[in-house]
There are 4 protein chains.
Amino acid sequence: MTHTEQVERRSGRPRSEDADRAIISATLDLLGEVGVTPLSIEGVAARAGVGKATVYRRWPNKEALIVDAMATLKGPLPRPAGRSLREDVMILFDSQMAGYEAARQRRIYACFMGEVGRHPELARRYINTVIEPRREVMRGVLRAAVARGELRDDLDIELMLHVITAPVLHWTMRDPERPLDKSLANRFLDVTLEGLAPRR
Amino acid sequence: MTHTEQVERRSGRPRSEDADRAIISATLDLLGEVGVTPLSIEGVAARAGVGKATVYRRWPNKEALIVDAMATLKGPLPRPAGRSLREDVMILFDSQMAGYEAARQRRIYACFMGEVGRHPELARRYINTVIEPRREVMRGVLRAAVARGELRDDLDIELMLHVITAPVLHWTMRDPERPLDKSLANRFLDVTLEGLAPRR
Amino acid sequence: MTHTEQVERRSGRPRSEDADRAIISATLDLLGEVGVTPLSIEGVAARAGVGKATVYRRWPNKEALIVDAMATLKGPLPRPAGRSLREDVMILFDSQMAGYEAARQRRIYACFMGEVGRHPELARRYINTVIEPRREVMRGVLRAAVARGELRDDLDIELMLHVITAPVLHWTMRDPERPLDKSLANRFLDVTLEGLAPRR
Amino acid sequence: MTHTEQVERRSGRPRSEDADRAIISATLDLLGEVGVTPLSIEGVAARAGVGKATVYRRWPNKEALIVDAMATLKGPLPRPAGRSLREDVMILFDSQMAGYEAARQRRIYACFMGEVGRHPELARRYINTVIEPRREVMRGVLRAAVARGELRDDLDIELMLHVITAPVLHWTMRDPERPLDKSLANRFLDVTLEGLAPRR
DNA sequence: CAATAATCGAGACGGTACGTCGCGTCTTGGG
DNA sequence: CCCAAGACGCGACGTACCGTCTCGATTATTG
């Protein structure tokens with residue numbers, strides 16, 4: 001999974017997988033804590049308890065390191081149940097709000113959003129790699145809801161996707177440390193779903 | 001308006017107001033371009049075409065400088081016409097999307113949102129000083145709309161405020177350089193207002 | 001005697017002669033305390049209790065100021081009695097060892113000697129203006145002593161001048177604060193006048 | 001020989017001895033060129049072609065650096081032949097007048113002499129470390145000459161030492177770049193050994 | 001099992017940006 | 001017109017941190 005993917009065994013002492021993991025984890029921590037611009041290899045190595053050369057031996061620069069670190073964020077996607085729109089949406093929300101991993105991801109999301117202007121290429125990769133798959137799941141949920149008649153069929157999916165997710169995401173950015181309260185998420189849904197529900 | 005507010009005239013050469021303005025403007029530019037953490041007094045002075053000492057003579061550190069720079073962002077608030085909800089909301093949107101000043105403010109907004117976790121105190125001041133007054137205008141708009149029967153009266157204003165503004169604000173963060181297209185803003189409004197409109 | 005010598009009266013407030021004196025005196029003090037290179041107009045003005053512009057109005061740079069300050073060091077030359085070589089030499093020594101003015105001059109002498117390499121032009125002027133007149137007095141003393149038969153007539157005056165004065169001057173440089181003890185000066189004279197070789 | 005003398009090997013990359021040498025040499029050059037007060041670590045680093053941190057890692061301030069730099073000046077002492085006073089003295093003079101190293105040492109000597117008042121502690125160390133050993137050699141030469149009957153035995157060695165060396169040293173200070181002409185040194189010796197008084 | 005070779009943490013390297021200070025110049029109000 | 005006070009742009013200072021490089025020690029594979 002690292003940048004210097006190797007196929008054939010090389011002689012000499014093999015690279016420590018512990019170091020790999022510690023570096024990636026430190027990178028993700030720091031991405032969420034300080035953002036892309038102030039993140040430095042020095043800081044990553046210190047946080048990982050590893051020599052700087054151990055990082056540079058694997059990745060040529062911080063962009064490459066961040067790209068590889070992001071790849072580990074793809075993780076297992078939430079699987080919507082498909083019974084009702086609201087249930088599916090809450091499953092997706094839940095996966096972003098519970099646990100240490102989710103908190104770190106919220107911090108990273110906020111940092112990338114704040115640095116879109118400085119690091120457009122990295123931000124694009126982050127969106128494509130990490131965010132887009134989740135949006136794709138959500139699109140499936142919305143399409144299924146349209147098919148079941150739970151959502152209007154005269155609006156494009158992208159519009160509905162943004163209107164449903166933006167209140168949650170933007171709320172989260174204002175305090176990434178605290179997960180969004182589930183009842184508040186439900187009240188957001190009440191409003192937006194009302195607007196998106198088919199006119200009878 | 002500078003940090004070292006002086007009442008009585010001091011002896012010696014008075015401080016240059018040109019320098020004041022250049023420093024504040026450079027600070028706002030850089031706030032939008034690089035954010036809070038990487039902003040440095042050195043960078044501000046260089047951008048302003050001013051000696052570093054000229055900055056340090058006025059503000060003891062970058063936080064104080066940023067606080068004073070933010071104060072100049074309050075600017076004139078947009079005045080809603082009060083004829084219809086949609087017209088008023090579009091007036092408010094417009095004031096954030098047109099002109100160089102608005103573009104700079106969008107960049108600054110994105111930077112502060114991305115650094116809430118690192119500089120909570122500064123972010124809080126920014127919200128209170130710059131954002132909250134505009135939200136207050138929007139609250140007035142919403143209350144008037146409730147009074148006119150254009151919005152449901154069973155929801156609290158804060159909820160409606162967030163649901164209406166979040167899609168616009170979050171869309172903006174994904175590309176602060178380009179102002180939000182007015183027709184897209186209208187489509188967002190179509191959906192959210194439908195959800196917030198009173199049941200007949 | 002200042003650099004901007006003026007002949008005709010100019011209109012407006014005349015320049016303060018107090019300031020002139022204070023600046024020159026401060027310059028001489030600092031010349032002796034910090035030397036030529038670290039001496040700054042800022043320091044002179046502060047020591048003189050005068051605005052910096054008041055100095056710059058009179059002298060264009062520190063070299064010109066130092067030149068004029070040195071001119072005031074010429075002072076009244078000691079007048080040898082002409083009765084005996086030893087008495088005359090001790091009169092000259094005395095004038096360099098007694099009083100505040102003499103101590104300052106010793107400090108200045110040490111500083112210039114130490115900075116000959118950095119400021120050869122200033123040092124040359126210093127030698128010509130301040131030191132050379134005193135050496136000229138000493139030459140007269142030596143010539144008279146030769147005429148009286150107190151000194152050999154087969155040596156040139158410059159050589160004798162240097163051999164007699166160097167032990168005193170060099171001793172002084174090793175601790176300019178303390179004036180050379182008169183009895184030690186006498187012992188130096190004993191040796192140079194009589195030599196170190198044993199009398200047969 | 002560096003300030004942070006280490007006995008046991010420390011982990012990590014060892015400090016470069018090339019850097020040590022370059023820094024010390026640059027310090028000695030600058031000591032002779034600009035003196036103690038204007039000497040700065042920045043200047044030393046630039047002259048040595050070394051990062052400033054490389055200097056500060058070894059010495060905490062310029063005084064400590066100068067002390068260590070002076071220690072390298074002790075060098076090999078001249079060995080007088082012991083056959084005659086004049087020959088021995090000229091050997092000692094020679095060692096201060098020939099070669100690049102000697103020219104640098106003359107410049108340094110002049111600088112320290114000129115800054116005795118500003119840096120008495122450093123000057124004291126310089127005298128003790130660098131000058132005193134050479135004076136001790138000269139004392140041996142003088143004592144041997146006294147024993148051989150070449151010098152009077154009724155004068156103390158310190159007095160003779162000063163009277164013999166001062167003309168040479170003080171002449172040198174007036175132009176440290178040019179070594180003292182050997183024939184002039186001989187004429188100084190002629191006088192001090194024989195005296196200025198006429199032979200009866 | 002010894003030799004080899006790549007990796008490890010540690011830390012020194014040259015370079016650069018930081019906030020501070022002091023320089024010589026410039027600009028006020030008041031005498 | 002002079003004077004003090006002090007702000008101005010500029011640049012040097014000592015510090016901290018960056019990415020790179022280099023050391024002795026460690027750890028698998030190879031002969």
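Below, all heavy atoms of this structure are taken into account, side chains as well, without hydrogens, waters or symmetry copies.
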Any residue in residues 30-52 of chain C with a heavy atom nearer than 4.0 angstrom to DNA chain E? Just list them by number, or reply none.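 Those residues are Ser40(C), Ile41(C), Glu42(C), Lys52(C).
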For dG9(F), does either OP1 or OP2 sit under 4.0 Å from a side-chain N or O belonging to Thr54(B)?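 So the side chain of Thr54(B) is within the cut-off, an N or O lying under 4.0 Å from OP1 or OP2 of dG9(F).
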Is any side-chain N or O of Ser16(B) closer than 4.0 Å to OP1 or OP2 of dA7(F)?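 Answer no for this pair, as no side-chain N or O of Ser16(B) is under 4.0 Å from OP1 or OP2.
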Just verifying a value: how many Å separate Phe112(D) CZ and Arg118(D) CZ, rounded to the nearest 0.5 Å?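 It comes to 12.0 Å.
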Using the salt bridge (charged side-chain N to carboxylate O under 4.0 Å, His left out) criterion, which residues pair with Lys52(C)? Sequence neighbours excluded.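 Scan of Lys52(C) (salt bridge (charged side-chain N to carboxylate O under 4.0 Å, His left out), adjacent residues dropped) gives Glu42(C).
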With sequence neighbours excluded, tell me which residues meet salt bridge (charged side-chain N to carboxylate O under 4.0 Å, His left out) with Arg124(C).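 For Arg124(C), the residues satisfying salt bridge (charged side-chain N to carboxylate O under 4.0 Å, His left out) (neighbours in sequence not counted) are Glu121(C).
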Which sits closer to the 5' end of DNA chain F, Val55(B) or Ala53(D), going by the nucleotide each is nearest to?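 Looking at the nearest nucleotide for each, Val55(B) comes out on the 5' side.
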Rounded to whole angstroms, how far apart are [atom1] on [X] and [atom2] on [N]?
X	N	atom1	atom2	answer
Arg13(D)	dC13(E)	CZ	C1'	5 Å
Arg57(B)	dC8(F)	CZ	C1'	7 Å
Trp59(C)	dG24(E)	CH2	C1'	16 Å
Lys62(C)	dG22(E)	NZ	P	16 Å
Tyr56(D)	dG15(E)	OH	P	16 Å
Asp20(A)	dA6(E)	CG	C1'	15 Å
Asn61(C)	dC23(E)	CG	P	16 Å
Arg58(B)	dA7(F)	CZ	C1'	8 Å

Within 6.0 Å of CZ in Arg104(D), more than 12 heavy atoms from elsewhere: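 Enclosed.
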Is Arg125(C) atom CZ crowded by more than 12 heavy atoms from other residues, nucleotides or ligands, each under 6.0 Å away?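 Counting other residues, nucleotides and ligands, CZ of Arg125(C) stays at 12 neighbours or fewer.
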For the pair Ser25(D) (side chain) and Ala22(D) (backbone), establish whether a donor and an acceptor sit closer than 3.5 Å, ignoring hydrogens and angles.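 No, Ser25(D) side chain to Ala22(D) backbone: no donor-acceptor pair under 3.5 Å.
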Could you please name the option among dC10(F), dC17(F), dA7(F) that lies closest to any side-chain atom of Arg15(B)?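 Selected nucleotide (nearest to the side chain): dA7(F).
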Closest heavy-atom contact between Arg47(D) and Ala26(D)?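 Minimum heavy-atom separation between Arg47(D) and Ala26(D): CG-CB, 3.3 Å.
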